[in-house]
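All remarks here apply to the structure that follows.
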Amino acid sequence: MRQSEIKELSIEELKERLTEFKKQHADLKMAHAVTPLENPLQIRKTRRTVARLATELTKRELQ
């Protein structure tokens, strides 16, 4: 997800997406531990998306 897409989401949508991407990240890590992924850069991409969502959520809650 791009930062511009994240900024358009509501707080509830941010929370939903955050849980989805956290689960996806955990699933990718588990799958990679069992059998190497074809594209291991997916793990990095999902981890960074989780960080972007969490940052935006924290930023909005502090306002």
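Bear in mind that the values here come from a model prediction, so they are computed numbers and not experimental data.
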Rounded to the nearest 0.5 angstrom, the CD1-CD distance for Ile11 and Glu61 is 6.5 Å
Between Ala54 and Leu18, the two heavy atoms sitting closest are N-CD1, 4.0 Å
Next item on the list: Could you check Leu57 against Leu53 for side chain to side chain contact (heavy atoms under 4.5 Å, CB included), going step by step and ending with a plain yes or no?
Entry: CA-CA 6 Å; Leu57 187 61; Leu53 289 166; over 6 Å; no
Here the pair of heavy atoms bringing Arg60 nearest to Lys7 is NH2-O, 2.6 Å
Do any side-chain atoms of residues 41-50 form donor-acceptor pairs under 3.5 angstrom with protein atoms, and if so which ones, sequence neighbours left out?
| from | atom 1 | to | atom 2 | distance (Å) |
| --- | --- | --- | --- | --- |
| Thr46 | OG1 | Gln42 | O | 3.2 |
| Thr46 | OG1 | Ile43 | O | 3.0 |
| Thr49 | OG1 | Lys45 | O | 2.9 |

Residue pairs meeting side chain to side chain donor-acceptor pair (under 3.5 Å), one or both in residues 20-38, sequence neighbours left out, come to Lys23-Asp27
On a heavy-atom basis, the closest approach of Thr19 and Glu16 is OG1-O, 2.7 Å
Cluster overlap Leu28 with Phe21, hydrophobic side-chain contacts below 4.5 Å = no
Are Glu56 and Gln3 close enough that some pair of their side-chain heavy atoms sits under 4.5 Å apart? yes
